[in-house]
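We count ligands from 1, going down the list as the structure has it; atoms in each ligand are counted the same way.
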Amino acid sequence: MSKWATNTSEVRDNGFGASRNGKTIEGAVLHHGAGTNVLNYVANANSRDSHPTYHVSDSGRVTGIVHPDRRPFSTSHSVDSVAVTFEIDNESTGGNWPVSAEALSAVIDVIVDHARQGGYKVIGKNTPGKDQPGLFFVAWHQQYVQTACPGPYVIGKIDSIIEEANKRLNNTTTPVSGQEEADMLINIKGKVNARRGGLYFVSGGKATFLGGPVPAGVPLLSDESQIKALQARVTGLA
Ligand SMILES: [Zn+2]
């Protein structure tokens, strides 16, 4: 059972979409509206049968369209059965099809909310045709269908969207001295016969090996003195 993301302001679910046929949400697909206000279009019957999970306005206002328990109709591809989808209003039409920072920030909050609901610790870029277990994927329309959607501006922001989403997901703030280590992702260099290199999730002062692709924004830790200092605070990195 999925829930609307907590930053959803309004729900206009008119029963569009379909069953997920038992599948669960594994990621998100981004679309742009190709217009500055497509809320009424996607909330109501339309000629393209375009009904995303969420519409996001230029001001960052999030409206629920197809309940996340159901499959949205956005991408004309089966990826929709395992994704929440977005139609993001453009700031202006044409050119590189810009969207506002407020809209992207709201999209990131929704992505993080659904990654949390699914128990995911890592958000990463989608690779079509490749199974990426343990990773909540961020995809965009053009990865599946020949289309300009979601436009050069949003496509150019994918890496920074993923970087910020991981920050929010793992709340990578510097811990106050004396408190427990905050939840974070680390990518650490391995050491022969000693330390297993790769991606770890650190929570409550304990590191758990995740492996797999390293999301954007997680730097490789290779300085031995830094690693030693981290090993003193975190168990599971020996
Ligand atoms: Zn699209």
Side-chain angles (χ1 to χ4, degrees), residues 2 4-5 8 11-18 20 23 25-68 70-111 113-115 123-130 132 136-162 165:
S2 302
W4 293 111
T8 307
V11 172
R12 286 176 64 179
D13 186 344
N14 289 318
F16 295 107
R20 290 194 185 274
K23 297 210 166 73
I25 297 166
E26 298 171 7
V29 185
L30 307 186
H31 300 259
H32 74 151
T36 55
N37 186 358
V38 301
L39 173 57
N40 282 330
Y41 182 81
V42 296
N44 297 296
N46 62 64
S47 58
R48 289 189 296 125
D49 199 14
S50 170
H51 303 291
T53 315
Y54 295 98
H55 169 269
V56 180
S57 78
D58 195 44
S59 67
R61 191 169 187 276
V62 176
T63 305
I65 306 293
V66 176
H67 192 280
R70 299 203 314 281
R71 175 203 202 279
F73 280 175
S74 292
T75 317
S76 303
H77 187 277
S78 59
V79 66
D80 281 353
S81 61
V82 294
V84 290
T85 62
F86 295 88
E87 286 287 350
I88 310 165
D89 277 343
N90 292 104
E91 259 182 327
S92 58
T93 56
N96 65 351
W97 295 96
V99 303
S100 70
E102 291 79 7
L104 285 184
S105 185
V107 167
I108 291 166
D109 278 340
V110 175
I111 289 171
D113 195 304
H114 282 287
I123 295 166
K125 198 189 279 190
N126 175 56
T127 309
K130 193 175 157 209
Q132 298 167 289
F136 192 87
F137 69 79
V138 176
W140 56 100
H141 200 173
Q142 206 182 71
Q143 288 191 302
Y144 294 97
V145 179
Q146 205 167 18
T147 170
C149 180
Y153 185 84
V154 172
I155 292 172
K157 288 284 181 187
I158 298 290
D159 284 343
S160 63
I161 288 169
I162 290 169

N/O donor-acceptor pair under 3.5 Å between R12 side chain and I65 backbone: no
According to salt bridge (charged side-chain N to carboxylate O under 4.0 Å, His left out), does anything in residues 38-67 pair up with another residue at least two apart or in another chain? List the pairs. E10-R61
Please list, in chain and residue-number order, the protein N/O/S atoms closer than 2.8 Å to the Zn ion (ligand 1). H31 ND1, H141 ND1, C149 SG
Judged by atom type as modelled, is there a donor-acceptor pair below 3.5 Å linking the side chain of R71 to the main-chain atoms of V79? no
For S92, does its backbone N or O pair with a side-chain atom of T36 as donor and acceptor, under 3.5 Å? no
Verify the distance criterion only: is there a donor paired with an acceptor across the side chains of S74 and D80 at less than 3.5 Å? no
Angle between ring planes, W4 versus H67, binned at 30° and 60°: parallel, tilted or perpendicular? perpendicular
